[in-house]
Amino acid sequence: MKPEEIERMRDEALAAFAAAGDLDALQEAKVAHTGGTSPLALANREIGALPPQAKAAAGKLVGQARGAVNKALATRQAELEADRDARVLVEEAVDVTLPYDRVPAGARHPLTTFMERVADVFVSMGYEIAEGPEVEAEWFNFDALNFTPDHPARQMQDTFFVQGPKGTEGDESGVVLRTHTSPVQARAMLDREPPVYIVCPGRVYRTDELDATHTPVFHQIELLAIDEGLTMADLKGTLDHMVQALFGAEMKTRLRPNYFPFTEPSAEMDMLCYVCKGESVGNPDRPCRTCSSEGWIELGGCGMVNPRVLVACGVDPEKYSGFAFGFGIERMLMFRHNVEDMRDIVEGDVRFTRPFGMEI
Ligand code: FA5
């Protein structure tokens with residue numbers, strides 16, 4: 001093993017490292033000059049075969065050469081990494097003086113955020129959010145809810161039929177765009193064992209013309225509680241809690257007799273006018289636009305779940321009772337924010353939604 005050969009190997013390695021212009025090239029040079037089949041590694045392996053008296057000198061020679069090669073490699077590696085870091089800093093620099101993208105950030109529609117806020121009131125009381133399809137079997141939308149085929153109440157909710165109506169094509173049950181969120185009551189009772197506590201926000205459809213107080217596509221929130229021993233008092237307490245959570249601690253509700261096929265007894269629920277708190281009633285000096293000086297605002301329908309509905313949905317009416325209510329979100333949003341025309345809510349003009357801010 002000649003010293004000049006070892007020195008040549010060392011010098012070739014040092015020259016290759018110096019010539020490597022980037023980290024990839026250096027990696028290649030590293031493999032060629034320090035890897036298992038590099039000349040110096042092979043020379044190192046040959047030392048074992050040398051006669052004992054030559055081993056020490058050869059070992060020192062090769063060891064020094066390899067030490068110098070490794071040191072040069074580390075130095076070049078550090079240089080090239082520093083070059084790369086400096087280049088990346090320049091290439092990836094952000095020009096903070098450039099004008100920003102002026103497309104305004106979007107916001108969620110007040111209907112969505114308000115619906116979630118109402119649902120949250122019930123979630124915090126332990127209710128579960130339930131959902132059902134918007135294209136619904138006529139059976140769930142009407143029959144399960146005690147609307148008999150010729151029941152006049154079917155006309156109460158003018159229906160978009162997707163298939164049917166029932167019987168016209170020999171169908172067992174037609175298919176409708178759900179006219180209310182109440183079919184989710186039936187689905188929830190069939191899906192779950194009592195006790196059932198669900199809240200269902202969702203979109204519903206009726207053949208109403210779009211005008212200042214109606215839209216053919218609107219939203220409702222439905223509530224259903226089924227348990228042992230529930231009474232109208234529980235319903236009233238739940239309604240009061242809801243309006244207090246949404247409109248303030250001094251709010252309350254009142255019930256007026258009404259009729260729905262799926263609740264018995266049924267009631268129309270009103271809440272105290274949150275603007276005048278009833279003080280405008282009989283007080284011409286203080287008229288209230290929000291409630292037309294009636295003191296109360298109509299919210300929606302409610303009642304104790306009709307035992308016929310419990311039976312249709314597999315719940316034992318001897319053991320369980322329940323209450324339900326449902327109301328329109330658009331109308332509630334109108335009262336809450338003094339919106340005079342429902343068309344403003346549904347038309348999607350950002351000049352309407354922008355003042356509601358970026359609430360998410
Ligand atoms: C129902 O839809 C019942 N399912 C409510 C119910 C649930 C009663 C559970 C008992 C127990 P009603 O048809 O009254 O009831 O509609 C409820 C609310 O939907 C109304 O008070 C109103 O706020 C809203 N609403 C009805 N039609 C429209 C419409 N075309 N545009 C906007 N909101 C509407």
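Just follow the structure's listing: the first ligand is 1, and inside any ligand the first atom is 1. The basis for the numbers below is simple: all heavy atoms, side chains too, and nothing from hydrogens, waters or symmetry mates.
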**Message:** Applying a heavy-atom cut-off of 4.0 Å, say which part of Phe325 lies close to ligand 1: side chain, backbone, both or neither.
**Reply:** backbone
**Prompt:** In chain order, what residues pass the ring pair (Phe, Tyr, Trp, His ring centres under 6.0 Å) check against Phe247, with sequence neighbours excluded?
**Reply:** Tyr274
**Message:** Restricting to non-hydrogen atoms, name the atom on Asn258 and the atom on Ala267 that form the minimum distance, rounded to 0.1 Å.
**Reply:** CB-C, 3.7 Å
**Message:** How close do Met269 and Cys302 get, counting heavy atoms only, and between which atoms?
**Reply:** CB-SG, 4.2 Å
**Asked** Between the main-chain N or O of Pro216 and the side-chain N or O of Asp208, is there a donor-acceptor pair closer than 3.5 Å?
**Response** no
**Request:** Using modelled atom types only, decide if a donor and an acceptor are shared between the side chain of Arg308 and the backbone of Phe262 within a distance under 3.5 Å.
**Result:** no
4.0 Å heavy-atom contact, [X] with ligand 1:
{"X": "Met332", "answer": "no"}
{"X": "Thr181", "answer": "no"}
{"X": "Glu268", "answer": "no"}

Atoms in ligand 1 flagged as close to [X], the criterion being non-hydrogen separation under 4.0 Å:
{"X": "Gln185", "result": "9 (C)"}
{"X": "Glu222", "result": "7 (C), 9 (C)"}
{"X": "Gly326", "result": "5 (C), 6 (C), 7 (C), 9 (C)"}
{"X": "Ala324", "result": "9 (C), 11 (C)"}
{"X": "Gly300", "result": "21 (O)"}
{"X": "Cys302", "result": "8 (C), 10 (C), 11 (C)"}

What do you reckon, does [X] have a nitrogen or oxygen under 3.5 Å from a nitrogen or oxygen of ligand 1?
{"X": "Thr263", "result": "no"}
{"X": "Gln220", "result": "yes"}
{"X": "Thr179", "result": "no"}
{"X": "Glu330", "result": "no"}
{"X": "Ser182", "result": "yes"}
{"X": "Thr215", "result": "yes"}

**Prompt:** When the aromatic ring centroids of Phe160 and Tyr205 are compared, is their separation below 6.0 Å?
**Reply:** no
**Request:** Decide if the gap between the ring center of Phe356 and the ring center of His337 is smaller than 6.0 angstrom.
**Result:** yes
**Asked** Which class fits the ring pair Phe327 and Phe325: parallel under 30°, tilted 30 to 60°, perpendicular over 60°?
**Response** parallel
**Asked** To which of Pro216, Ser266, Gly301 does the heavy atom nearest atom 8 (C) of ligand 1 belong?
**Response** Gly301
**Request:** Evaluate whether atom CZ of Arg256 has more than 12 neighbouring non-hydrogen atoms of other residues, nucleotides or ligands under 6.0 angstrom away.
**Result:** yes
**Message:** Working note: Tyr197 + Phe122, criterion ring-ring contact (aromatic ring centres under 6.0 Å, His included); need CA distance, chi angles, decisive distance, verdict.
**Reply:** CA-CA 9 Å; Tyr197 288 89; Phe122 296 108; over 10 Å; no
**Asked** Mind checking who shares a hydrophobic cluster with Phe218, ILVMFWY linked at side-chain heavy-atom distances under 4.5 Å?
**Response** Val204
